[in-house]
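Notes follow once the structure below has been shown.
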Amino acid sequence: MLNTFRACVCALLLTAALPAGADIVRDLYSASVPMADQSEGSLTAGARKALGEVLVKVSGSRSVLDNPQLAPALEQARSYVQQYVYLRAGSRGEELQARFDFDPEWVKSQILAAGAPLWTANRPRLLLWLVMEGPQGRYFVNRETSPESVEALRAAFGRRGVPLQFPLFDLNDAAAVSPDEVWRLDVAALRSASMRYDAEHILGGRVAGPQEGRIAGDWAYLPPNDTLHRAITAEAFESFAGSGAALVADEMAARFALAPTAAVEGGLVLWIDGVENYADYAAVMGWLQRLELVESARVERIVDDRLELRLRARADASQLATLFALNQKLQPASERAPGVQLSYQWLSP
């Protein structure tokens, strides 16, 4: 039976479902930065700046840039660029940028060696409701009403590695919450309107148009069982968007980014019940393989619908349990056998 599972898993990994309410961030090890020109000196400086952005995304916090053990990595950034490409940005393509792609394994090894936290690519999805006030009144920010603002928001949250989702703004949303309710940052209304999206992490915002060259607004971040407010005054909408991304990323990383530990001798034993078919097996194994702190997941036995694994990880059982909480298909078991550090029930669709 085990050989049959292994024979089928490669094909099924491509279709394994992601956890509800979470996404795999696929550009963690890439960053685009402004360039003065295309000279060798600018490429070296650009690679260093881009690596700084990547380190912030992967660790979850800008404080990683203050870690002295990462200073040599920043100086060597150009040597670990896998590829780069020049881009033209701005509304008229007037700004020269370069996108740098770095070696993921090298970046992770530098962060782990420095003892800095590592935030895995499996991250909670954020649902964003933002209302802008202008001469015509208050309106939701979306692709129809304010496409440039949407692009600025996507760029800001992308720089911090936060998966961003906008509501559909269809009739159901119109009936569920009004621009005025979001403008008041009505927490109950925001949570109620977000239920259809299965969103556990919600961001509400309001922003007024430019006055005397500045904009003012507020953010209300609603993670599970909490509410965090932040008032912002900025010179441009891009800065306002960046403040929201920083608020969310800092709080998410405080919960989900983990400082690496030494691998537990002999590994950790993980039991998952409810693995009934090849698709379940592929989904479990594919998800584990995407967790950067899990170095290996070896199948030891398959007994009926129970998958018994031994994990080698740069994290202890309690840290892994924090990561596993992102996968809503994994329900912690009420009891576990002696010698089993992690025990879960797989919830099939």
Side-chain angles (χ1 to χ4, degrees), residues 18 20-23 25-27 32 87-95 97 99 123-211 213-222 229-249:
L18 291 175
D23 282 338
V25 181
R26 304 192 183 279
D27 61 350
S32 298
L87 309 166
R88 286 290 176 179
S91 58
R92 295 183 298 276
E94 70 278 10
E95 181 184 3
Q97 291 190 351
R99 175 186 172 93
R123 301 186 175 188
R125 189 183 312 130
L126 180 75
L127 182 66
L128 173 60
W129 303 85
L130 177 62
V131 168
M132 186 173 287
E133 186 175 64
Q136 306 303 317
R138 297 168 182 168
Y139 56 91
F140 285 114
V141 171
N142 55 42
R143 286 201 175 277
E144 286 68 41
T145 63
S146 187
E148 291 186 358
S149 297
V150 168
E151 289 307 312
L153 289 162
R154 290 199 181 280
F157 284 84
R159 280 193 295 272
R160 293 303 299 266
V162 176
L164 187 62
Q165 177 184 8
F166 285 90
L168 296 174
F169 296 112
D170 57 9
L171 291 177
N172 288 330
D173 285 341
V177 67
S178 67
D180 285 340
E181 287 175 308
V182 175
W183 182 264
R184 295 196 300 270
L185 299 179
D186 186 322
V187 171
L190 283 166
R191 290 197 185 278
S192 178
S194 302
M195 289 179 63
R196 67 180 295 207
Y197 297 99
D198 196 26
E200 290 192 341
H201 293 261
I202 306 158
L203 183 64
R206 61 185 179 190
V207 59
Q211 294 182 0
R214 301 177 69 82
I215 63 173
D218 298 87
W219 292 111
Y221 173 40
L222 283 57
H229 290 273
R230 182 165 296 174
I232 300 295
T233 302
E235 294 182 357
F237 183 83
E238 289 77 8
S239 297
F240 176 76
S243 68
L247 168 64
V248 173

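Note: hydrogens, waters and symmetry copies are ignored here, and every other heavy atom, side chains too, is used. The structure displayed is predicted, hence computed values, not measured ones.
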Check your understanding: Roughly how far, to the nearest 0.5 Å, is CZ of Arg125 from CG of Asp23?
Key -> 4.0 Å

**Study point:** Point-to-point distance, once rounded to the nearest 0.5 Å, from CG of Leu203 to CG of Leu153
**Key:**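 Going from CG on Leu203 over to CG on Leu153, the span is 9.0 Å.
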
What is the minimum heavy-atom distance between [X] and [Y], and which atoms define it?
| X | Y | result |
| --- | --- | --- |
| Phe169 | Tyr197 | N-OH, 4.3 Å |
| Met132 | Val141 | CB-CG2, 3.9 Å |
| Leu185 | His229 | CD1-ND1, 4.2 Å |

For [X], which residues count as a side chain to side chain contact (heavy atoms under 4.5 Å, CB included) partner, sequence neighbours excluded?
| X | value |
| --- | --- |
| Arg196 | Leu168, Asp170, Asn172, Asp173 |
| Thr145 | Tyr139, Asn142 |
| Arg191 | Val187, Ile202, Leu222, Thr227 |

For [X], what residues pass the salt bridge (Lys or Arg N to Asp or Glu O under 4.0 Å) criterion, not counting sequence neighbours?
| X | result |
| --- | --- |
| Arg206 | Asp218 |
| Asp186 | none |
| Arg99 | Asp101 |

Point to revise | Partners passing side chain to side chain donor-acceptor pair (under 3.5 Å) against Ser146 (at least two apart in sequence or in another chain) | key: Ser149

**Study point:** Those residues that, when tested against Glu95, pass side chain to side chain donor-acceptor pair (under 3.5 Å) (two or more places apart)
**Key:**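 Side chain to side chain donor-acceptor pair (under 3.5 Å) list for Glu95, sorted by chain: empty.
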
Check your understanding: What residue pairs, at least two apart or across chains, pass salt bridge (charged side-chain N to carboxylate O under 4.0 Å, His left out) with a residue in residues 176-185?
Key ->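 Salt bridge (charged side-chain N to carboxylate O under 4.0 Å, His left out) check on residues 176-185 returns Arg138-Asp180.
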
What side-chain donor-acceptor pairs closer than 3.5 Å can you find for residues 155-166, not counting sequence neighbours?
| residue | atom | partner | partner atom | Å |
| --- | --- | --- | --- | --- |
| Arg160 | NH2 | Gly60 | O | 3.1 |
| Arg160 | NH2 | Asp250 | OD1 | 2.9 |

Review point. Quick one: are Leu128 and Trp219 in side-chain contact, heavy atoms under 4.5 Å?
Key: yes

Determine all donor-acceptor pairs shorter than 3.5 Å in which one atom belongs to a side chain in residues 233-242; sequence neighbours excluded.
none

Check your understanding: Between Ser194 and Leu190, is there a donor-acceptor pair closer than 3.5 Å when you use the side chain of the first and the backbone of the second?
Key ->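 Yes.
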
